[in-house]
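If you're wondering where the values come from, they're calculated on a predicted model, not measured in any experiment.
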Amino acid sequence: MQKKLKLWDAIMLVMGSMIGSGIFIVAADMMRNLGSGFWVIVVWIITGVMTVAAAISYGELSAMFPKAGGQYTYLKEIFGRKMGFLYGWGLFTVIQTGTIAAVAMAFGKFTAYLVPALNDAAPIFQSGEFKITWIQILAIATILLLTQLNTRGVESGKLLQNIFTGSKIIALLGLIATGFILVDISHLADNFSFGYDAFSNLKKDISGNFLKEGWEPIGGMTLLGGIAAAMVGSVFSSVAWESVTFVSGEIENPKKNVVKSMIYGTSAVMILYIAVNYVYLNALDRDSIAFAENDRVAVAASKFIFGNAGTAIIAVLVMISTFGCNNGLILAGARVFQTMAKDGMFFRQAEQNNKNNVPANALWMQGIWASILCLSGQYGNLLDMISFVIVLFYMITVFGVIYLRIKQPNLERPYKTWLYPVTPIIYLLIGTGFCILLLIYKQQYTWPGFLMVLLGLPVYYLINMNKKTEK
């Protein structure tokens with residue numbers, strides 16, 4: 001593979017893959033689970049510590065295995081082919097492709113703010129609750145467009161990524177600045193006036209709408225459950241930074257630049273996220289955040305800051321954000337499936353590069369499956385369910401750093417995890433607590449996604465059975 005991505009390109013890929021649609025909407029559910037500005041910020045800080053700790057830990061593995069495939073390669077090298085396949089299976093079936101589908105749908109929905117005809121148009125097809133709308137078609141069109149652009153070479157994908165990531169960083173900085181300068185009445189003190197007290201409001205009326213008057217104090221284990229439920233949103237908004245490891249084979253000096261890009265990129269994004277949430281808490285009161293229409297907190301805050309023009313401003317910002325995010329996800333994900341194909345654990349056609357030296361077949365396989373998920377209408381549920389599995393795979397990979405230190409202490413390590421073993425242990429402790437609390441209090445976020453990944457086991461044995469037959 002040609003080394004066409006520099007450190008700056010890698011940082012833009014990390015930041016661009018992380019900043020999608022989540023930061024604009026998850027604050028509503030987080031507030032409903034915790035009812036306090038203090039606890040919302042605490043959850044973002046916990047998520048930030050987790051994310052940066054994981055990036056620092058991954059750095060050691062990225063320097064040891066500076067090859068395309070990233071996390072798949074690490075898991076395969078440390079724990080064997082089966083573990084690597086299960087991660088790759090989950091990545092293709094829902095983690096990467098499901099994220100691409102959801103982000104594309106967010107692009108379509110916010111485009112509908114500017115083009116109301118998209119919302120008003122009758123479904124193209126409908127059978128019971130299943131329907132195909134023009135918003136879904138637009139989402140699919142963006143996936144196919146970005147896939148096509150990325151088949152033209154890594155330079156095209158790199159240019160798009162840098163332009164769109166730079167644009168949304170500037171836009172977010174603008175939102176942060178104006179969110180304090182242009183707000184006449186600040187709600188920051190009110191949102192923090194509850195101190196350490198937390199409240200929950202998850203009661204609904206017969207129409208399925210949350211009841212504003214249903215706030216109830218929570219504490220003890222119930223508070224911990226609320227924190228875990230709130231973290232589903234913050235964790236989902238903060239994943240995909242590892243996408244840069246998928247393209248390690250195309251980054252200059254990957255032993256140094258991959259780890260630098262992960263640490264710099266994740267740190268910058270988490271600081272931006274915390275600052276944006278301070279804007280929400282400054283511009284809106286508790287109820288306005290928790291019960292924002294369609295959970296679009298950013299729209300509500302932007303309308304308060306800029307007036308009626310705020311809706312259009314935030315719609316454009318989300319369109320830029322989601323389009324750039326999907327470009328990074330599409331560019332990176334296909335490299336994993338190509339690496340799996342080279343290992344005989346994916347479709348053989350995915351192994352081939354086209355004349356532009358990029359895995360075009362893998363790109364199209366990824367794009368077509370993501371498009372099907374757009375049509376299914378189930379991508380949102382899948383993403384909620386897979387949050388548990390994403391953290392589980394992060395934990396297994398971070399544990400791999402400790403495992404290799406014990407089993408193979410003499411391996412060359414061009415970069416060593418900062419503050420080892422404290423850093424990986426911090427991630428493992430927070431991640432374990434998060435997963436256990438979800439298993440206890442929010443099982444809808446755990447077992448379905450976990451079982452979906454386990455479905456990869458019979459596929460793995462089938463692949464190996466076929467290999468034995470061929471031999």
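With a 6.0 Å cutoff to the six-membered ring centre and a 45° limit on the axis angle, Arg32 counts as a cation-pi contact of Phe210.
For the atom pair CZ of Phe388 and CD of Gln443, the computed distance is 10.5 Å after rounding to the nearest 0.5 Å. Distance SG/Cys374 to CG/Leu144: 9.0 Å, rounded to 0.5 Å. Atom OH of Tyr394 sits about 5.0 Å away from atom CH2 of Trp241, to the nearest 0.5 Å. Between the CG atom in Leu91 and the OG atom in Ser243 there is a gap of 8.0 Å [rounded to 0.5 Å]. Distance CD1/Ile170 to CD1/Ile320: 9.5 Å, rounded to 0.5 Å. To the nearest 0.5 Å, atom CE of residue Met395 and atom OG1 of residue Thr432 are 3.0 Å apart.
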Exercise. Can you check side chain to side chain contact (heavy atoms under 4.5 Å, CB included) on Tyr58 and Glu242, steps first, answer last?
Worked result: CA-CA 8 Å; Tyr58 271 52; Glu242 77 281 5; 4.1 Å; yes
Problem set entry | Stepwise ring-ring contact (aromatic ring centres under 6.0 Å, His included) test for Tyr87 and Tyr72 | CA-CA 6 Å; Tyr87 172 73; Tyr72 159 76; 7.5 Å; no
For this session: Begin from the C-alpha positions of Thr111 and Leu114 and carry the test side chain to side chain contact (heavy atoms under 4.5 Å, CB included) through to its verdict.
Result: CA-CA 5 Å; Thr111 303; Leu114 302 180; 5.5 Å; no
Exercise. Should Gln71 and Thr397 be marked as a side-chain hydrogen bond (donor to acceptor under 3.5 Å, both in side chains) after you check the CA-CA gap, both sets of side-chain angles, and the distance that decides it?
Worked result: CA-CA 7 Å; Gln71 191 170 352; Thr397 310; 3.1 Å; yes
Exercise. Met262 and Thr245: side chain to side chain contact (heavy atoms under 4.5 Å, CB included), yes or no, with the steps?
Worked result: CA-CA 9 Å; Met262 287 192 293; Thr245 68; 3.7 Å; yes
For this session: Would you sort out whether Trp89 and Met340 count as a side chain to side chain contact (heavy atoms under 4.5 Å, CB included), showing the intermediate values?
Result: CA-CA 10 Å; Trp89 164 264; Met340 291 177 69; 5.7 Å; no
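Counted within 6.0 Å of NZ on Lys442, heavy atoms from surrounding residues, nucleotides or ligands total more than 12; the atom is thus considered enclosed. More than 12 non-hydrogen atoms from other residues, nucleotides or ligands lie less than 6.0 angstrom from NZ of Lys76. A 6.0 Å sphere centred on OH of Tyr264 holds no more than 12 heavy atoms belonging to other residues, nucleotides or ligands. Taking a 6.0 Å sphere around CH2 of Trp364, one finds it holds more than 12 heavy atoms contributed by other residues, nucleotides or ligands. Within 6.0 Å of the CZ atom in Phe450, the count of heavy atoms belonging to other residues, nucleotides or ligands does not exceed 12.
Scanning for side chain to side chain donor-acceptor pair (under 3.5 Å) contacts around Lys158 gives Glu155, with sequence neighbours left out.
When all heavy atoms of Leu138 and Gly108 are compared, the pair lying nearest together is CD2-CA, 3.9 Å. Ser237 and Val26 make their closest contact through OG-CG2, 3.6 Å (heavy atoms, listed as atom of the first residue, atom of the second, distance). The minimum heavy-atom distance linking Ser57 with Val401 is given by the pair O-CG2, 3.4 Å. In terms of heavy atoms, Tyr280 sits closest to Ala27 at CD1-CB, 3.9 Å. When every heavy atom of Gln161 is checked against every heavy atom of Gly324, the shortest pair comes out as OE1-O, 3.1 Å. Nearest approach of Val297 to Ala28, heavy atoms of both residues: CG2-N, 3.5 Å.
Ion pairing between Asp9 and Lys6 fails under the 4.0 Å rule for side-chain N and carboxylate O.
Classification of the Phe346-Phe337 ring pair by plane angle, with boundaries at 30° and 60°, yields parallel.
In this structure a side-chain-to-backbone donor-acceptor pair under 3.5 Å is present from Lys168 to Gly16. When atom types are taken as modelled, the side chain of Arg81 and the backbone of Asp343 share a donor-acceptor pair closer than 3.5 angstrom. In this structure a side-chain-to-backbone donor-acceptor pair under 3.5 Å is missing from Trp44 to Met231. When atom types are taken as modelled, the side chain of Asn356 and the backbone of Val358 share no donor-acceptor pair closer than 3.5 angstrom. Looking only at distances, no side-chain donor or acceptor of Ser302 sits under 3.5 Å from a matching main-chain atom of Val299. With hydrogens and angles disregarded, no donor-acceptor distance shorter than 3.5 Å links the side chain of Ser17 to the backbone of Val14. Of the possible polar contacts, one joining the Asn33 side chain to the Asp29 backbone as a donor-acceptor pair under 3.5 Å is found. Without hydrogens or angle criteria, Gln366 side chain to Thr97 main chain gives no donor-acceptor distance under 3.5 Å. With hydrogens and angles disregarded, a donor-acceptor distance shorter than 3.5 Å links the side chain of Ser261 to the backbone of Val258. Glu252 places no side-chain N or O within donor-acceptor distance of the main-chain N or O of Leu5, the cut-off being under 3.5 Å.
Defined by atom type and a distance below 3.5 Å, a donor-acceptor pair is missing between the side-chain atoms of Asn361 and Glu351. Looking at Asn353 and Asn357, their side chains do bring a donor and an acceptor atom within 3.5 Å of each other. With hydrogens and angles left out, the side-chain atoms of Tyr461 and Lys82 include a donor and acceptor closer than 3.5 Å.
Note: Phe323 and Phe107 meet the aromatic proximity criterion, with ring centroids under 6.0 Å apart. In summary, the aromatic rings of Phe79 and Tyr403 are positioned with their centroids under 6.0 Å apart.
Ile176 is listed as a side-chain neighbour of Leu272, based on a closest heavy-atom distance under 4.5 Å. Here the side chains of Met30 and Ser234 are in contact, with some heavy-atom distance below 4.5 Å. A 4.5 Å side-chain heavy-atom check between Leu7 and Ile11 finds at least one atom pair inside the cut-off. Two residues are said to be in side-chain contact when any heavy atoms from C-beta on lie closer than 4.5 Å; Val398 and Thr423 fail this criterion. Residues Leu75 and Phe85 fail the side-chain proximity criterion, which asks for heavy atoms closer than 4.5 Å. Taking 4.5 Å as the limit, some side-chain heavy atom of Phe434 sits within range of a side-chain heavy atom of Val232. Residues Ile305 and Val279 form a side-chain contact, since some pair of their non-hydrogen atoms from C-beta on lies under 4.5 Å apart. Annotation: side chain of Thr266 is not in contact with side chain of Ile56 (no heavy-atom distance under 4.5 Å).
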